[in-house]
Amino acid sequence: DMLERDSWRILEIIIRRYPDKKKEYEEYVSDVMGASPREGIPCCYREDYTKPQSVTEAKAMKLNSTYAQRLKNQIEAVEFVYNSLNEAEQKLMRERFWRDRKRNIPYLKIHDVSYSERQMRRIVYRIIVQVGKYLGEIR
């Protein structure tokens, strides 16, 4: 089954941005966890009980934001697939997607891997499909 071009491009971008997004997510988590309550606001008295009752609860809600959840899912998807590959396939993935953050490295410019261009295309296709399945983009 062929993958739609739009889904393919989105998944390639998710994979390519992985190193930056992982760093961004880690910074986001440490910012949230490091945030201290503002002084002078009693934390336990609230008229509106839909608000978080504690700093911990507020932090947990912020970490479960749609944004944080999406980042976390994308990071997990890429890591899950990467870790399921053998060493040579991992190297191909690093070369193809992470050597240059602005674009995918063309297959013919990927050296030091023992795969033909055709094999590389197959492996990359499998990587993208697996990431897509993990994220629920592909059935």
Side-chain angles (χ1 to χ4, degrees):
D1 47 301
M2 281 304 291
L3 199 51
E4 285 181 39
R5 183 170 291 166
D6 290 346
S7 297
W8 179 272
R9 287 189 44 84
I10 289 166
L11 292 166
E12 277 187 324
I13 289 168
I14 287 171
I15 295 168
R16 195 168 59 241
R17 289 182 180 164
Y18 161 81
D20 297 330
K21 292 298 177 185
K22 182 165 174 85
K23 194 172 148 214
E24 183 182 324
Y25 180 73
E26 286 169 353
E27 286 168 4
Y28 178 80
V29 169
S30 71
D31 285 353
V32 169
M33 298 318 284
S36 58
R38 280 182 278 140
E39 297 303 314
I41 300 170
C43 89
C44 304
Y45 176 69
R46 296 268 196 279
E47 286 182 37
D48 178 1
Y49 290 103
T50 60
K51 290 181 182 159
Q53 298 299 305
S54 69
V55 177
T56 311
E57 194 179 337
K59 288 177 181 179
M61 284 171 70
K62 197 164 183 190
L63 285 180
N64 285 325
S65 70
T66 309
Y67 170 74
Q69 209 49 55
R70 186 173 60 238
L71 267 184
K72 186 172 182 269
N73 291 346
Q74 290 176 357
I75 291 164
E76 283 175 356
V78 173
E79 288 177 352
F80 177 79
V81 172
Y82 180 82
N83 291 328
S84 73
L85 301 172
N86 68 41
E87 231 173 279
E89 292 167 336
Q90 286 179 347
K91 182 173 183 162
L92 170 62
M93 189 171 173
R94 288 194 307 269
E95 287 292 306
R96 171 84 173 156
F97 295 110
W98 301 326
R99 183 161 25 126
D100 181 348
R101 300 285 170 74
K102 291 172 197 65
R103 67 193 180 99
N104 295 331
I105 299 298
Y107 293 107
L108 296 174
K109 293 206 190 280
I110 297 175
H111 308 294
D112 308 327
V113 291
S114 57
Y115 297 118
S116 67
E117 182 182 355
R118 185 180 204 165
Q119 287 171 308
M120 286 191 275
R121 284 182 187 280
R122 263 195 222 121
I123 293 164
V124 166
Y125 179 83
R126 197 176 76 234
I127 288 168
I128 290 172
V129 167
Q130 287 177 329
V131 169
K133 283 183 177 172
Y134 189 96
L135 290 172
E137 293 288 325
I138 302 170
R139 289 179 194 192

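FYI, side chains are in, hydrogens and waters are out, and symmetry mates aren't considered; it's all heavy atoms of this structure.
Within the 3.5 Å criterion, the main-chain N or O of S116 finds a donor-acceptor partner in the side chain of Q119.
Q69 contributes atom CD, which lies 7.0 Å from atom OH of Y25 (distance to the nearest 0.5 angstrom). Going from atom CD1 of I75 over to atom CD1 of I14 covers 11.0 Å, rounded to the nearest 0.5 Å. Atom CD in E89 sits 5.0 Å away from atom CD1 in I123 (nearest 0.5 Å). Separating the NZ atom in K133 from the CG atom in L11 is a distance of 12.0 Å, to the nearest 0.5 Å. For the atom pair CD of E95 and NZ of K109, the computed distance is 13.0 Å after rounding to the nearest 0.5 Å. Atoms OH and CD, on Y18 and E76 in that order, are 10.5 Å from each other to the nearest 0.5 Å.
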| side-chain contact (heavy atoms from CB on, under 4.5 Å) between E12 and R96, worked out | CA-CA 10 Å; E12 277 187 324; R96 171 84 173 156; 3.7 Å; yes
| said: Quick one, R103 with D100, criterion salt bridge (charged side-chain N to carboxylate O under 4.0 Å, His left out). Give me CA distance, side-chain angles, the key distance, then yes/no. | reply: CA-CA 6 Å; R103 67 193 180 99; D100 181 348; 3.1 Å; yes
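Using a 4.5 Å heavy-atom cutoff, the side chains of I15 and W98 are in contact. Residues F97 and V124 form a side-chain contact, since some pair of their non-hydrogen atoms from C-beta on lies under 4.5 Å apart. A 4.5 Å side-chain heavy-atom check between L92 and L85 finds every atom pair outside the cut-off. Here the side chains of I128 and I138 are not in contact, with every heavy-atom distance at 4.5 Å or above. Between Q74 and R17, every side-chain heavy-atom pair lies at or beyond the 4.5 Å cut-off. Contact check for R126 versus R122: no side-chain heavy atoms found under the 4.5 Å cut-off.
At a threshold of 4.0 Å, the pair K91-E87 does not count as salt-bridged, since none of the basic side-chain nitrogens sits closer than that to a carboxylate oxygen. Comment: E117 engages R121 in a salt bridge, judged by a side-chain N to carboxylate O separation of less than 4.0 angstrom.
Under a hydrophobic-cluster definition in which Ile, Leu, Val, Met, Phe, Trp and Tyr are linked whenever side-chain heavy atoms come within less than 4.5 Å, directly or via other members, Y125 and M93 are assigned to the same cluster.
Heavy atoms only, all atoms of each residue included: V113 and A88 are closest at CG1-O, 4.4 Å. Taking each heavy atom of Y82 and Q90 in turn, the nearest pair found is O-NE2, 2.9 Å. Of all non-hydrogen atoms in V81 and S84, the two that sit nearest each other are O-OG, 2.7 Å.
With 3.5 Å as the limit, one finds no donor-acceptor pair spanning the side chains of R118 and Y107.
Few gaps surround CZ on R94; more than 12 heavy atoms of other groups in view lie less than 6.0 Å from it.
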